[in-house]
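Working notes for the structure below.
First the proteins, then the strands, lettered A, B, ... as listed; each starts at 1.
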There are 2 protein chains.
Amino acid sequence: MAEKVTIATVARHAQVSRQTVSNVLNAPHIVREETRRRVQEAIAALGYRANQAARQMRTGRSRLIAVRIEPTRDGINGSVLDRFLHGLTETADAAGYRVLLYTARGDDHEIATYDDLLGAYDLDAFVLTGTKHGDPRTAWLAEREVPFVTFGRPWDAPEAHPWVDVDGAAGTAQATRRLLDTGHRRIAFLGWPAGSGVGDDRRTGWRTTLAAAGLDGAAPDRATEDGIAEGEREMRHLLARDEPPTAVVCASDSLALGALQAVRDAATPVAVIGFDDTPVAAAVGLTSLSQPLAVAAARCVELLTGLLDGHPTDPHVLLDPTLVLRHTA
Amino acid sequence: MAEKVTIATVARHAQVSRQTVSNVLNAPHIVREETRRRVQEAIAALGYRANQAARQMRTGRSRLIAVRIEPTRDGINGSVLDRFLHGLTETADAAGYRVLLYTARGDDHEIATYDDLLGAYDLDAFVLTGTKHGDPRTAWLAEREVPFVTFGRPWDAPEAHPWVDVDGAAGTAQATRRLLDTGHRRIAFLGWPAGSGVGDDRRTGWRTTLAAAGLDGAAPDRATEDGIAEGEREMRHLLARDEPPTAVVCASDSLALGALQAVRDAATPVAVIGFDDTPVAAAVGLTSLSQPLAVAAARCVELLTGLLDGHPTDPHVLLDPTLVLRHTA
DNA sequence: CGGCAGGATTAGATCGTTCAAGTTGCTGGA
DNA sequence: TCCAGCAACTTGAACGATCTAATCCTGCCG
């Protein structure tokens, strides 16, 4: 077993004091060029790594970011979080931060977990995925001035805190335009009940695009809970109309998959576009809107490191999804 | 801003020394009952939390476990990792450990990351998902006596290190028996090319079960890379035989999904069973073998905490998957 | 040639915890 | 009576970094 290499070992090896080694690491500009080089050589030669715990004790900063990992809500959308996490870990890594996971059952438990993580581990920042109306978690964090970012806008107060989000309306608008461009005129929307910020946003993009094309009059629009069975049922409703739609934009891949099953029996082909570009969509050839999760994750990290290192950037980032064309539209 | 509560604050409040407070936390049995109660009340009243960094500096243990998060290999199986991670985080939490994520491109980079994590963060243990033939990573860790567990057996040396795995053979055996029980006699297997431990294992369960039923003679068996298109293609090959199979056991949900597409056009109905019980399987009603990921994760944590706290358990855990019956079999 | 500014470097204290080595007070056996 | 032995608790040092304040040069100005 090799001896433990501390800052003192490096200092001795490079014939300088501990503090100079520390300066080479944290404030290189105040160290003379030649000394710096000598220290850096010693660091490389000895394979020295600054002990994070000791550093943290002195500075009060852990270079750790916490992210909640949820219990894979509906499954089909679960892999969204998966990809987001990967992007987050990678970008954080590059910025010198590491990602710590936590779980929580309920808001109270989650807040207790914040308290614990902050108290015991001196966590630097939190990333929350999804917020809801009057979220107690963001209030708690804001009150204590703990840096955090949410992936997902706070719909009731868009300026409340830093966030990164994907522009759902821009996505469905893009999908709708694509359908208009390929000749469709009766374009339906299959979404969630009004009241969810994300769902309403996605519906808006479809509606405004149709309106801009002068087609909003009788645009068929249905709302249901998320799910494949639900999607199929509602799509059958749409197909049973006098003038059934020739295309449908869906608020999720689950709904789109259901719709796809319904249109299989239809007399004329019906175009279907989903949302989230889940692996399932890729698997069955469903055209879908892909969220730039890696970019979103990177922006979250940028926002946080900006806050932590004192050079804040624009705290509200809205990203456009991209339409991935496959067989169904 | 409240004053920072340290062990000294608690000690003063409870009229004891720092060390006694420390003992209440780490070795309660050596503290007199009444003193212990007084200290615990002080801890609760002040909301004291032991500073992990300071503790770590003294003990050299961080109560942190690292897990690699992969770049969502093929997508359709991505959510397996997702669920595993969630289980891991939850069990680790209960055992007083936290989960740190890391990514790596290539084995060399991964080993460099180990070095960094161990050097800078004093990581207590690693969880690796999947190992391959002559894995340099496990060798590196073993050489340095770093505690680790793999989720997935080391196929070439089953005793080499602690692992937790799901018994693929038992799974496909169960699936095959189910098909035999429901009257099927021509049961095919659709799997991966020989050489992958997991794939061979899954094939074995099917073969031995057929053999035990005296049906192994002309059991049709095909091998291909994983993927929906590949599954569909190979299934069409099987269906084109003189005596086409009436059922097929697949090594993955991707292959099963492909098979499902192929049998849709078949003259007579063909039963299909997949493996992994991915969200897609649930979505399309595919019967599939479900891996007990939460249990597997829990066992990984148990193994590690056992190693770390000095009461090791049986280091090789093999879990049975369960057959989730849906429409397709 | 003395003094002084200021850049480069160093020594000592400190963060919050646990370890090692005491100290105290009590019991009981010779 | 005395002290060994033990349980319960306390004190000082140490972990490895950074912060603060002091020291050492070196060059330049008056």
Side-chain angles (χ1 to χ4, degrees), chain A residues 2-40 42-43 46-64 96 116 118-124 309, chain B residues 2-40 42-43 46-64 96 116 118-124 309:
Chain A
E3 272 305 294
K4 200 180 290 180
V5 179
T6 76
I7 205 168
T9 323
V10 177
R12 220 174 309 129
H13 196 270
Q15 315 248 43
V16 295
S17 69
R18 290 169 330 209
Q19 186 56 39
T20 300
V21 178
S22 175
N23 285 336
V24 169
L25 294 171
N26 302 307
H29 57 278
I30 69 166
V31 179
R32 192 152 40 105
E33 163 115 27
E34 191 242 318
T35 314
R36 196 190 322 157
R37 222 200 41 255
R38 208 169 66 243
V39 170
Q40 273 161 344
I43 288 177
L46 297 166
Y48 167 74
R49 261 172 242 286
N51 180 308
Q52 190 56 35
R55 168 177 289 175
Q56 170 180 346
M57 182 149 60
R58 202 70 249 263
T59 62
R61 297 196 24 195
S62 60
R63 304 199 75 84
L64 243 40
D116 185 42
L118 288 169
Y121 289 86
D122 272 321
L123 251 93
D124 283 348
D309 302 340
Chain B
E3 273 304 294
K4 199 180 291 179
V5 179
T6 76
I7 207 170
T9 324
V10 177
R12 220 175 308 129
H13 196 271
Q15 315 247 44
V16 294
S17 70
R18 291 168 330 210
Q19 186 56 39
T20 299
V21 178
S22 176
N23 285 335
V24 169
L25 294 171
N26 302 308
H29 58 278
I30 69 166
V31 179
R32 192 153 37 108
E33 165 116 29
E34 191 241 317
T35 315
R36 195 190 321 156
R37 223 199 40 253
R38 206 167 70 242
V39 170
Q40 272 160 345
I43 288 177
L46 296 166
Y48 167 74
R49 262 174 240 285
N51 181 308
Q52 188 57 35
R55 168 176 291 177
Q56 170 180 347
M57 183 148 63
R58 200 69 248 260
T59 62
R61 300 202 16 201
S62 60
R63 305 200 73 83
L64 245 39
D116 185 42
L118 288 170
Y121 289 86
D122 273 320
L123 251 93
D124 283 348
D309 302 342

Are there any protein N/O atoms within less than 3.5 Å of an N/O atom in nucleotides 20-24 of chain D, and if so, which ones and at what distance?
none

Separation of C/dT18 C1' from B/Gln52 CD (nearest whole Å): 13 Å
Close N/O contacts between protein and nucleotides 5-9 of chain C (under 3.5 Å):
{"residue": "C/dT9", "atom": "OP1", "partner": "A/Arg32", "partner atom": "NH2", "Å": "3.2"}
{"residue": "C/dT9", "atom": "OP1", "partner": "A/Thr35", "partner atom": "OG1", "Å": "2.4"}
{"residue": "C/dT9", "atom": "OP2", "partner": "A/Arg32", "partner atom": "N", "Å": "3.1"}

Indicate every side-chain donor-acceptor pair of residues 49-56 of chain B with a distance under 3.5 Å to a residue at least two apart or in another chain.
{"residue": "B/Arg49", "atom": "NH2", "partner": "A/Asp115", "partner atom": "OD2", "Å": "3.2"}
{"residue": "B/Asn51", "atom": "OD1", "partner": "B/Ala53", "partner atom": "N", "Å": "2.7"}
{"residue": "B/Asn51", "atom": "OD1", "partner": "B/Ala54", "partner atom": "N", "Å": "3.0"}
{"residue": "B/Gln52", "atom": "NE2", "partner": "B/Ser62", "partner atom": "O", "Å": "3.2"}
{"residue": "B/Gln56", "atom": "NE2", "partner": "B/Tyr121", "partner atom": "O", "Å": "3.0"}

Close side-chain approach of A/Leu123 to A/Leu118, heavy-atom, < 4.5 Å: yes
Length of the CD-P vector between B/Gln56 and C/dT17, whole Å: 13 Å
Angle by which the axis turns from one end of the helix from C/dC1-D/dG30 to C/dA30-D/dT1 to the other, five pairs per end, to 10 degrees: 70°
Identify each atom pair where a protein N or O and an N or O of nucleotides 14-17 of chain D are less than 3.5 Å apart, giving names and distance.
{"residue": "D/dA14", "atom": "N3", "partner": "B/Arg58", "partner atom": "NH1", "Å": "3.4"}
{"residue": "D/dG16", "atom": "OP1", "partner": "A/Lys4", "partner atom": "NZ", "Å": "3.3"}
{"residue": "D/dA17", "atom": "OP1", "partner": "A/Tyr48", "partner atom": "OH", "Å": "2.9"}
{"residue": "D/dA17", "atom": "OP1", "partner": "A/Asn51", "partner atom": "N", "Å": "3.0"}
{"residue": "D/dA17", "atom": "OP2", "partner": "A/Ile7", "partner atom": "N", "Å": "2.3"}
{"residue": "D/dA17", "atom": "O5'", "partner": "A/Tyr48", "partner atom": "OH", "Å": "3.3"}

Closest non-hydrogen atom pair between A/Asp309 and A/Arg61, with its separation: OD1-NH2, 3.3 Å
Rounded distance (Å) that lies between atom P of C/dT17 and atom CG of A/Asp122: 10 Å
Reported CZ-to-CG distance for the pair A/Arg63 and A/Asp124, which is rounded to 0.5 angstrom: 7.5 Å
Spacing of B/Leu25 atom CG and B/Ile43 atom CD1 [to the nearest 0.5 Å]: 4.5 Å
Ignoring hydrogens and angles, write down the donor-acceptor pairs under 3.5 Å from the side chains of residues 10-19 of chain B, residues two or more places apart or on other chains.
{"residue": "B/Ser17", "atom": "OG", "partner": "B/Thr20", "partner atom": "N", "Å": "3.4"}
{"residue": "B/Ser17", "atom": "OG", "partner": "B/Thr20", "partner atom": "OG1", "Å": "3.2"}
{"residue": "B/Gln19", "atom": "NE2", "partner": "B/Asn23", "partner atom": "OD1", "Å": "3.2"}

Please set out all donor-acceptor pairs under 3.5 angstrom arising from side-chain atoms of residues 26-35 of chain B, sequence neighbours excluded.
{"residue": "B/Asn26", "atom": "ND2", "partner": "B/Ser22", "partner atom": "O", "Å": "3.1"}
{"residue": "B/Asn26", "atom": "ND2", "partner": "B/Ser22", "partner atom": "OG", "Å": "3.4"}
{"residue": "B/Glu34", "atom": "OE2", "partner": "B/Arg38", "partner atom": "NH1", "Å": "3.2"}

